[in-house]
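Just below is one structure, and these are the notes that go with it.
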Amino acid sequence: MTAASVVAGILAQALDTRPLASLIVSGGRSPARFMESLSTAALDWSRVVIGLADERWVDPACAASNEHLVRTHLLRNAAARARFVPLKNASRSAAAGVGFAERAIAEIPRPFDAVVLGVGEDGHTASLFPCALETARALDPKRPANVAAINPETAPHERMTLTLGALLDSRQLIIIASGEKKREVLERAAASGDPLCFPIAAVLLQDAVPTHLFCDF
Ligand SMILES: O=C(O)[C@H](O)[C@@H](O)[C@H](O)[C@H](O)COP(=O)(O)O
């Protein structure tokens, strides 16, 4: 089973019992091949709503944009018929755009049927970065907000991210993390049990949402 076939199966099962299915995907360099494989799945994509786990606050035409990644690699083939809900809006900053982003997330059926997360070599996931001041609040599962503006010190661009509470409001989580360095950071994160140092630990250590880990996908 590949990450794409598992996600396709989750979406197909969701569509068997509900009018709409929802999928949240992450950005970065890793997901392109996964997205292209998923885009060919034989699904009624017209009933699938796709959102982002996070977004860099850049023009969607920019190669650094996660929206650009989704429009290039996922909204093609059969999946071209899916409905995509961007996180980027016309606000001059992510902080100014939080209200619009909250209203965008409200358009995606919840709990999300599948949330696909990557992991950075510093243990971040989505745009929950260990060094960012705003991360501690975004990791608080009791916080009602679904999105947060993050200014990472160790990565470019201001970001909009789903909060941990929103990411865990899902039926299934899929972590995609290739390479030895990411395997090591996953092990260190699980051993540390400290989401402030390794935000991905908050996902690894929870047992409320079934989680699939793909180190080669
Ligand atoms: O916007 C982003 O960058 C992603 O959402 C981020 O959380 C990503 O999943 C990791 O940084 C891994 O990215 P790579 O696949 O590029 O290593």
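Whatever order the structure lists ligands and atoms in, that order sets their numbers, starting from 1. In this chain, residues are counted from 1 in sequence order. Everything numeric in this text was worked out from a predicted model, so none of it was measured.
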Return a table of donor-acceptor pairs under 3.5 angstrom between the side chains of residues 191-204 and protein atoms on other chains or two or more places apart.
| unit_1 | atom_1 | unit_2 | atom_2 | d |
| --- | --- | --- | --- | --- |
| S192 | OG | A189 | O | 2.9 |
| S192 | OG | D194 | N | 3.0 |
| D194 | OD1 | L196 | N | 2.9 |

- Return yes if a side-chain donor-acceptor contact under 3.5 Å exists between E55 and S127, otherwise no. no
- ring pair (Phe, Tyr, Trp, His ring centres under 6.0 Å) partners for F129, two or more places apart: H124
- Grab the two heavy atoms, one from E153 and one from C131, that are nearest each other, plus how far apart they are. N-SG, 3.6 Å
- Does S22 use its side chain to pair, donor to acceptor, with the backbone of I108 at less than 3.5 Å? no
- Set of residues satisfying side-chain hydrogen bond (donor to acceptor under 3.5 Å, both in side chains) with respect to N151, sequence neighbours excluded: none
- Item | Within the 4.0 Å heavy-atom sphere of ligand 1, strictly under, residues | S26, G27, G28, R29, S30, D54, R56, N66, G118, V119, H124, T125, A126, R159, K182
